[in-house]
2 protein chains.
Amino acid sequence: MWYVTTDATDAFLADCRARLAFDLLSNTWNAVVLWALRDGPRRPVELRERIGGISSKVLTETLRRLQFNGLVDRQLHPDAPSRVEYRLTALGRTFLGPIDAVGAWAFEHGDEVMAAQEAAGTADPLSPPPTR
Amino acid sequence: MWYVTTDATDAFLADCRARLAFDLLSNTWNAVVLWALRDGPRRPVELRERIGGISSKVLTETLRRLQFNGLVDRQLHPDAPSRVEYRLTALGRTFLGPIDAVGAWAFEHGDEVMAAQEAAGTADPLSPPPTR
DNA sequence: CAGGATCCCCCAAGATACTG
DNA sequence: CAGTATCTTGGGGGATCCTG
């Protein structure tokens with residue numbers, strides 16, 4: 001993460017402004033967790049069962065990172081002592097838009113991607129295309 | 001990457017359909033390279049100087065992966081023998097939308113994120129918030 | 001110039017076990 | 001149940017050198 005602001009004339013590439021957001025999506029779970037918080041505060045247990053396949057440790061790490069970036073807020077439950085809730089901040093909520101755009105794209109074009117993968121002929125994404 | 005299709009009632013979280021797109025953004029350079037190909041075919045050298053900060057090796061790897069997923073197409077230049085060009089496929093072009101959404105968000109809310117980072121009081125995103 | 005081959009490092013992410 | 005502490009690993013990504 002190198003959030004240097006450049007004076008690049010080409011405003012999108014070397015410009016780290018955009019990187020900042022891409023980095024937020026560069027974690028396996030960030031987007032998923034944000035999405036899981038979509039409609040209201042959730043406790044860690046709830047999140048884990050909603051999401052599925054994420055360990056307690058990794059969930060905590062993810063939440064910490066989101067918190068660090070101001071997208072998520074951690075609150076101790078009013079009454080109970082060791083009840084915890086996480087919720088989106090106002091900033092976090094604005095990020096749902098882009099996430100949705102990405103998710104929606106997956107639903108529309110997921111098939112094509114998978115088709116391309118199979119058509120590739122290799123299991124390894126890095127090996128140069130076989131024939132042709 | 002576990003592109004399993006689930007029968008999840010909750011269509012967004014455990015459902016790997018969305019993951020498929022998120023994974024495409026989970027690389028440091030995928031989005032940047034796609035964006036750099038935005039307005040037409042480009043040769044590797046051009047890409048490198050346009051982007052800045054990406055090594056030849058990593059660029060190749062990135063392009064391979066994008067090619068593998070059907071987002072990018074590799075073509076030998078018509079006349080010259082060892083001239084190469086990469087271009088977006090039709091599928092790849094459809095992905096510019098979501099990418100743009102993410103990039104645009106960065107320009108709008110990047111300040112807030114950086115402010116949050118500084119307000120965090122720690123340099124380490126994973127350490128629990130100091131006071132409070 | 002394109003891009004393969006090596007070597008190295010770092011860290012996200014998983015598994016497991018333990019505390020308040 | 002929330003969270004930390006360890007240990008391990010896979011692979012992305014950087015640097016460097018080498019070839020057609």
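Letters go in sequence order (proteins before strands), and every chain restarts at 1. Just so it is clear, the structure is predicted and the values come from calculations on it, not from any experiment.
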Write out all pairs satisfying ring pair (Phe, Tyr, Trp, His ring centres under 6.0 Å) with one or both partners inside residues 40-72 of chain B, taking only residues at least two apart or from two chains.
none
Only counting residues at least two apart or in another chain, list the ones meeting side chain to side chain donor-acceptor pair (under 3.5 Å) with A/Arg43.
none
Figure out the [atom1]/[atom2] separation between [X] and [N], and round it to whole Å.
X	N	atom1	atom2	result
B/Ile54	C/dC1	CD1	C1'	16 Å
A/Leu59	D/dA2	CG	C1'	10 Å
A/Arg83	D/dA2	CZ	P	8 Å
A/Ile51	C/dA13	CD1	P	12 Å

Can you tell me if A/Arg64 touches the phosphate of C/dA12, counting only side-chain N or O atoms and a distance under 4.0 Å to OP1 or OP2?
no
When you check the phosphate oxygens OP1 and OP2 of D/dC1, does a side-chain N or O of A/Arg43 lie under 4.0 Å from one of them?
no
Under the side-chain contact (heavy atoms from CB on, under 4.5 Å) test, residues paired with A/Arg42 that sit two or more places apart
A/Leu37, A/Asp39, A/Glu46, A/Leu47, A/Arg50
Just to verify, what does B/Thr89 make a side-chain contact (heavy atoms from CB on, under 4.5 Å) with, not counting sequence neighbours?
B/Asp73, B/Leu91
Please set out all donor-acceptor pairs under 3.5 angstrom arising from side-chain atoms of residues 101-110 of chain B, sequence neighbours excluded.
residue: B/Trp105; atom: NE1; partner: A/Thr94; partner atom: O; Å: 3.4
residue: B/Trp105; atom: NE1; partner: A/Thr94; partner atom: OG1; Å: 2.9
residue: B/His109; atom: ND1; partner: B/Glu112; partner atom: OE2; Å: 2.8

Grab the N/O contacts between the protein and nucleotides 8-13 of chain D below 3.5 Å, and write none if there aren't any.
residue: D/dG13; atom: OP1; partner: B/Thr28; partner atom: N; Å: 2.4
residue: D/dG13; atom: OP1; partner: B/Thr28; partner atom: OG1; Å: 2.1
residue: D/dG13; atom: N7; partner: B/Lys57; partner atom: NZ; Å: 3.4

